Protein chains: 2
Amino acid sequence: MRDDDIAIIMRAMGHPVRLNILRILARQERGECCCADVTDELTLAQSTVSQHIKVLLDAGLIERKPRGTRNCYIVQHDRLAALGDAYAGMIAGFSPAPSNLEAEPA
Amino acid sequence: MRDDDIAIIMRAMGHPVRLNILRILARQERGECCCADVTDELTLAQSTVSQHIKVLLDAGLIERKPRGTRNCYIVQHDRLAALGDAYAGMIAGFSPAPSNLEAEPA
DNA sequence: GTGGTTAATCGTCATTTGACGATAAAATGG
DNA sequence: CCATTTTATCGTCAAATGACGATTAACCAC
């Protein structure tokens, strides 16, 4: 995963409302999905929620599933996990003891 | 770690240049720290780099250490790890099988 | 087809971001 | 003390963000 991709996902998650939306979607996922249910859990206008959802969509963190007259969104756990892996790998590379020191401590 | 904190850190890391700066700082950390070395590794103005550094500072991802006439910055591995933990915990809570389903699969 | 519901899109607006050059501020070397 | 180096800060500017209301589009149910 490139830096650009990590940055895009991080940026998408870098807003408390969007973290909240992810949480709400994940919670509703058992059984029924949701869409405007998100809107009245938040004290925000419908268009604002739709914008936030679009950001999450563009980052690949959720997926749209049209269901009749409403749109449901599914959290993409794969992508969340992928970011977790990429992040873990990155900060592992950040740790001390790089190439020319970890070989011979003598 | 609250959603706001996670969002602040994610936002700070949600830019490829800042990811790069973190990487550069982490790399230089063995032996000597650095400051303007970052600037000429990137094709960006000094003031721009300083701004990005300030964002990382405010998010607690790096720490300033004045060393003579120059300022060195140290990656805060603790905070990076804390975000990793918070993130892992969060997406673990996102997983399916919530409270009323995981008990009795019968 | 008409009406109602849901949700995306549009237009607007204030604020923030990202970039830059220019300017100050602090420590070093002479 | 003066010049130099380093770096933070200031002012500016274009572009993006976050929020909103209003409008449009799509899909039922009559």
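Quick note on labels: first sequence line is chain A, next is B, and so on, each numbered from 1. Values below: every heavy atom of this structure, side chains too, minus hydrogens, waters and symmetry copies. Quick caveat: nothing in here was measured; it's all calculated off a predicted structure.
- Smallest separation of non-hydrogen atoms from B/Asn20 and A/Asp3: N-OD2, 4.3 Å.
- At least one donor-acceptor pair closer than 3.5 Å links the side chain of A/Tyr87 to the backbone N or O of B/Leu80.
- Rounded to a whole Å, the CG atom of A/Asp58 is 9 Å from the P atom of C/dT9.
- Rounded to an integer number of Å, the gap from A/Arg70 CZ to C/dT6 P is 6 Å.
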Check nucleotides 2-4 of chain D for protein N or O atoms closer than 3.5 Å to its own N or O atoms and list the pairs.
none

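- At the heavy-atom level, B/Leu44 lies under 4.0 Å from the strands shown only through sugar-phosphate atoms.
- B/Ile21 is not listed as a side-chain neighbour of B/Tyr73, based on a closest heavy-atom distance of 4.5 Å or more.
- In this structure, the side chain of A/Arg18 does not engage the main chain of B/Ala7 through any donor-acceptor pair within 3.5 Å.
- When the side-chain nitrogen and oxygen atoms of B/Asn71 are compared with OP1 and OP2 of D/dT6, none of them lie within a distance under 4.0 Å.
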Anything under 3.5 Å between a protein N or O and an N or O of nucleotides 13-18 of chain C, put it in a table, one pair a line.
residue : atom : partner : partner atom : Å
C/dG18  : OP1  : A/Arg11 : NH2          : 3.0
C/dG18  : OP2  : B/Arg18 : NH1          : 3.1

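- The nearest whole Å value for the distance from the NZ atom in A/Lys54 to the P atom in D/dA19 is 16 Å.
- For A/Gln51, the side-chain atoms get nearest to C/dC10 when compared with the rest of D/dA8, C/dC10, C/dC20.
- Judged by distance alone, the side chain of B/Arg79 and the main-chain N or O of B/Ala59 form a donor-acceptor pair under 3.5 Å.
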Problem set entry | Verdict with reasoning, A/Ile62 to A/Leu22, per side chain to side chain contact (heavy atoms under 4.5 Å, CB included) | CA-CA 8 Å; A/Ile62 60 178; A/Leu22 281 179; 3.7 Å; yes
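- At least one side-chain heavy atom of A/Met13 sits under 4.5 Å from a side-chain heavy atom of A/Leu83.
- Atom CD1 of B/Ile62 is separated from atom C1' of D/dA8 by 13 Å (rounded to the nearest Å).
- Separating the CZ atom of B/Arg64 from the P atom of C/dA26 is a distance of 13 Å, rounded to the nearest angstrom.
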Exercise. What does nucleotides 22-29 of chain D look like as a protein-contact string, B for base, S for sugar-phosphate only, - for none, at under 4.0 angstrom between heavy atoms?
Worked result: B----BS-
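- Between A/Arg27 and A/Glu41 there is a salt bridge, since a side-chain N of the basic residue sits under 4.0 Å from a carboxylate O of the acidic one.
- A/Met90 places a side-chain heavy atom less than 4.5 Å from the side chain of B/Leu19.
- Between A/Leu44 and A/Thr39 there is no side-chain heavy-atom pair separated by less than 4.5 Å.
- At least one side-chain heavy atom of A/Leu42 sits under 4.5 Å from a side-chain heavy atom of A/Ile24.
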